[in-house]
Amino acid sequence: MKYNIPRGTFDILPKDSYKWQYLADSFRKIASRFGYEEITTPIFEMAELFERSSGESSDVVQKEMYRFNDRKDRTFALRPEGTAPVVRSYVENHLDVLSSRTKLFYIGPMFRYDRPQAGRYRQFYQYGIEFIGSNNPYYDAEVIAIEMLWLIELGLNNVRLEINSVGCASCAADYEAALRDFYRPNLDKLCPDCQKRFELKPKRLLDCKVPSCKAFREGAPSQLNYLDEACKEHFSLVRASLDAMGIAYTVNPAIVRGLDYYTNTAFEVIYDGLGAQNSLAGGGRYNGLIEQIGGKSIPAIGFAGGFERLLLALEQEGASLGSRSVPDAYLVCLGDKARSGIMPYLNALRSKGLFVDYDPDKSSLKAQFKAADNSGARFAIIVGDSELEAGKINLKNLQSGEQQTLPLDGGEAAMQAINR
RNA sequence: GUGGGUGUAGUUCAAUGGCAGAGCACCGGAUUGUGGUUCCGGGCGUUGUGGGUUCGAGUCCCAUCACCCACCCCA
């Protein structure tokens with residue numbers, strides 16, 4: 001074989017396509033029930049958009065972004081995430097003047113150069129929600145509710161919602177300073193990764209899995225104790241809204257988002273049973289991002305989830321994912337005259353909306369019936385030279401074996417019999 | 001980027017260093033006029049790829065690629 005699919009990517013083959021369509025359709029429906037509308041942005045953007053928004057020090061920017069230069073030597077990147085492009089579009093198209101609030105969702109591929117693993121690919125498909133235009137804690141709860149209600153609708157019950165607040169920029173800075181103070185005496189005893197974390201992202205120290213590092217975590221300060229009054233108030237109102245909506249959650253102060261633009265609410269939806277990549281969706285508030293990208297200071301919140309992991313989880317739970325479409329009828333022909341003479345009828349059935357399959361290369365009756373069975377067709381339409389001459393067709397129900405003779409009309413009779 | 005495991009037919013898997021096989025799937029046939037069952041027939045595949053050891057390699061060694069798992073990261 002000469003050509004292989006690029007590492008970390010996958011083909012969605014016909015036998016699975018319907019599942020992806022089912023998920024996308026289903027997400028579109030739930031999002032629209034909350035008033036969210038679809039936005040589609042390009043697969044690539046200026047690299048700087050992601051560098052500025054996600055943060056220069058983030059792993060995404062440092063080592064996972066697919067960057068390339070075009071012929072005029074401008075640097076672009078395949079999008080590694082969906083929020084920055086949506087915000088870019090929001091600012092660029094002045095969506096803020098159309099309404100005080102903007103409700104958007106998106107579906108599409110994202111790209112990150114990473115070692116492939118179960119539930120982790122280099123091209124992966126995300127769905128996401130972005131609410132722009134209010135700091136009201138109700139909206140934090142609303143976007144979370146979309147995800148949680150959707151998962152329940154899909155048939156996924158064993159998920160956990162974990163929430164946290166990382167505060168505003170000044171709370172976060174205070175907290176980082178406190179964390180560094182706390183770890184500094186033991187800095188040389190931490191694992192090499194943690195020594196890097198100490199410099200770049202102290203919050204990450206809290207979820208290191210190395211046992212020796214875990215020990216030093218005892219008594220570490222919690223972000224929640226470093227929230228200022230406004231952030232504390234906001235977080236408690238978010239929790240109250242979730243309570244009022246009957247959405248269960250646990251507060252996990254260790255939840256840290258990987259991208260720098262998050263403020264206040266951060267949350268993650270976890271499904272145990274996916275191995276290491278157990279996060280189905282995650283998101284949070286990003287009150288400073290729009291201004292950072294060149295817009296006004298407008299608060300916003302959103303989240304994104306991955307279809308691959310969701311699909312794995314749903315299959316594990318045995319949830320229904322729709323089904324592959326099967327023909328309404330399979331045309332079985334006998335004789336050359338019948339084959340050519342039946343074409344107008346075949347076309348008529350199809351233009352009336354029936355899914356009719358036919359294979360002119362199958363000659364024997366046996367082979368045609370076998371193909372009809374394999375296709376899953378409910379009916380066979382059987383036509384030989386004599387039927388054609390008499391202006392009739394035979395319609396056979398392949399489950400019951402019952403057969404009836406119908407007129408060779410414009411397809412009306414068969415249509416009626418099949419849809420009954 | 002780091003570590004471990006696995007690569008044989010479309011697929012699931014066999015094959016003591018000695019002739020590369022089976023189930024399933026697929027295709028054809030058993031009086032072109034009625035299917036699902038049954039019966040018969042149909043497989044020389046670069047044993048992932050490239051080297052090496054050996055009289056002889058699917059099997060042992062090295063490299064490489066891919067996949068899986070974990071670290072890491074994240075959705």
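Chain letters run A, B, ... following the sequence lines, proteins first, then strands; residues in each count from 1.
- Nucleotides of RNA chain B nearest to A/Gln277 and A/Ile5 differ in position, and the one nearer the 5' end is that of A/Ile5.
- For A/Asp59 and B/rA75, the CG to P distance is 11 Å, given to the nearest whole Å.
- Considering only the side chain of A/Arg112, B/rA75 comes nearest among B/rA75, B/rG35, B/rA70.
- B/rG21 and B/rA9 have their C1' atoms separated by 10 Å, given to the nearest Å.
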Strand RNA chain B as a dot-bracket string - pairs counted if Watson-Crick or G-U with both distances under 3.5 Å, | where the partner lies in another strand: (((((((..((((....[..)))).(((((.......))))).....(((((..]....))))))))))))....

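- Separation of the A/Tyr36 and A/Trp150 ring centroids does not fall under the 6.0 Å cut-off.
- Nucleotides B/rG42 and B/rA25 place their C1' atoms 14 Å apart, quoted to the nearest Å.
- Per the geometry, CZ belonging to A/Phe307 stands 16 Å off P belonging to B/rA75, to the nearest Å.
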Between the protein and nucleotides 4-7 of chain B, which nitrogen or oxygen pairs are less than 3.5 angstrom apart?
none

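- When distances are taken from the side chain of A/Lys63 to each of B/rG35, B/rC72, B/rC71, the shortest belongs to B/rC72.
- Spacing between atom CG of A/Asn278 and atom C1' of B/rC71 amounts to 14 Å, rounded to whole angstrom units.
- Regarding contacts with the backbone of B/rC73, a side-chain N or O of A/Arg197 is found under 4.0 angstrom from either OP1 or OP2.
- Residue ring and nucleobase are stacked for A/Phe124 and B/rA75, with a centre distance beneath 5.5 angstrom and an angle between planes beneath 30°.
- Residues A/Asp260 and A/Gly55 come closest through the heavy atom pair OD2-CA, 3.2 Å.
- Here the C1' atom of nucleotide B/rA75 and the CD atom of A/Glu130 are 12 Å apart, to the nearest Å.
- Heavy atoms from other residues, nucleotides or ligands lying under 6.0 Å from CG of A/Asn157 number more than 12.
- Using a 4.0 Å heavy-atom cutoff across all strands shown, A/Gly128 reaches no nucleic acid atom at all.
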Shorter than 3.5 Å, N or O on both sides, protein versus nucleotides 28-32 of chain B: list them out with atom names.
{"from": "B/rA30", "atom 1": "N6", "to": "A/Lys366", "atom 2": "NZ", "distance (Å)": "3.0"}
{"from": "B/rU32", "atom 1": "O2", "to": "A/Ser363", "atom 2": "O", "distance (Å)": "3.2"}

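- Checked against the 6.0 Å centroid threshold, A/Phe105 and A/Tyr127 do not count as a close aromatic pair.
- Across all strands, A/Ala304 comes closer than 4.0 Å only to sugar-phosphate atoms, never to a base (heavy-atom distances).
- The side chain of A/Asp114 has B/rG1 as its nearest neighbour among B/rG1, B/rC67, B/rA75.
- Between A/Tyr175 and A/Tyr226, the distance separating the two ring centers is shorter than 6.0 angstrom.
- B/rU6 and B/rA75 are spaced 33 Å apart, taking the P atom of each and rounding to whole Å.
- Counting non-hydrogen atoms under 4.0 angstrom, A/Glu387 reaches a base of the nucleic acid.
- When the P atom is compared between B/rA30 and B/rG36, the two are found 14 Å apart, to the nearest whole Å.
- For A/Asp59 and A/Arg112, the salt-bridge test fails: no basic side-chain N is under 4.0 Å from an acidic carboxylate O.
- Considering only residues two or more places apart in sequence or on other chains, A/Tyr330 meets the ring-ring contact (aromatic ring centres under 6.0 Å, His included) condition with none of them.
- Interatomic distance, CG of A/Leu154 versus OG of A/Ser26, reported as 4.5 Å (0.5 Å rounding).
- By the ring-ring contact (aromatic ring centres under 6.0 Å, His included) test, A/Tyr261 pairs with A/Tyr286, sequence neighbours left out.
- Classification of A/Glu153 and A/Lys29 as a salt-bridged pair fails, no side-chain N sitting under 4.0 Å from a carboxylate O.
- Spacing between atom CG of A/Asn397 and atom P of B/rG36 amounts to 16 Å, rounded to whole angstrom units.
- Nucleic acid contact for A/Gly8: sugar-phosphate only, since backbone atoms but no base atoms lie under 4.0 Å from a heavy atom of the residue.
- Residues A/Gly410 and A/Lys352 approach most closely at O-CE, 3.1 Å, considering heavy atoms.
- Rounded to whole Å, the separation between the C1' atoms of B/rU47 and B/rG7 comes to 9 Å.
- Each of A/Asn394 and A/Asn374 was assigned the nucleotide of RNA chain B with the nearest heavy atom; the assignment lying further toward the 5' end belongs to A/Asn374.
- Salt-bridge annotation for A/Asp181 and A/Arg184: present, with a side-chain N of the basic residue lying under 4.0 Å from a carboxylate O of the acidic one.
- Annotation for A/Ala417 and A/Leu406: closest pair CB-CD1, 4.2 Å, computed over non-hydrogen atoms.
- Checked against a 6.0 Å centroid threshold, the rings of A/Tyr121 and A/Phe10 count as neighbours.
- Residues A/Ile39 and A/Tyr106 share a closest heavy-atom pair of O-CB, 3.4 Å.
- Atom name P, nucleotides B/rU53 and B/rC62: the rounded distance is 15 Å, in whole Å.
- The gap from the P atom of B/rG41 to that of B/rG23 amounts to 12 Å, rounded to the nearest Å.
- Using a 4.0 Å heavy-atom distance criterion, A/Glu81 is classed as making no nucleic acid contact.
- Look at the C1' atom in both B/rG58 and B/rU8: the space between them is 6 Å, to the nearest Å.
- To the nearest angstrom, C1' of B/rC68 lies 13 Å from CG of A/Leu312.
- Separating the CD atom of A/Gln126 from the P atom of B/rC73 is a distance of 18 Å, rounded to the nearest angstrom.
- Residue-level contact check: A/Asp373 touches the bases, meaning some heavy atom is under 4.0 Å from a base atom.
- A ring-centre distance under 6.0 Å is found for A/Phe68 and A/Phe44.
- Within residues 261-268 of chain A, no residue places a heavy atom under 4.0 Å from RNA chain B.
- Residue A/Leu280 is in sugar-phosphate contact alone, with no base atom involved, counting any heavy-atom pair closer than 4.0 Å across all strands shown.
- Between A/Arg7 and B/rC67, a side-chain N or O to OP1/OP2 separation shorter than 4.0 Å is present.
- Residue A/Gln117 places at least one side-chain N or O under 4.0 Å from the OP1 or OP2 atom of B/rA70.
- Across all strands shown, A/Gly283 has no heavy atoms under 4.0 Å from either base or sugar-phosphate atoms.
- Checked against B/rC73, B/rG33, B/rA75, the side chain of A/Ser279 finds its nearest nucleotide in B/rA75.
- A/Gln403 places its CD atom 15 Å from the P atom of B/rG33, with the value rounded to the nearest Å.
- What you find for A/Phe34 and A/Leu149 is that their closest heavy atoms are CZ-CD1, 3.7 Å.
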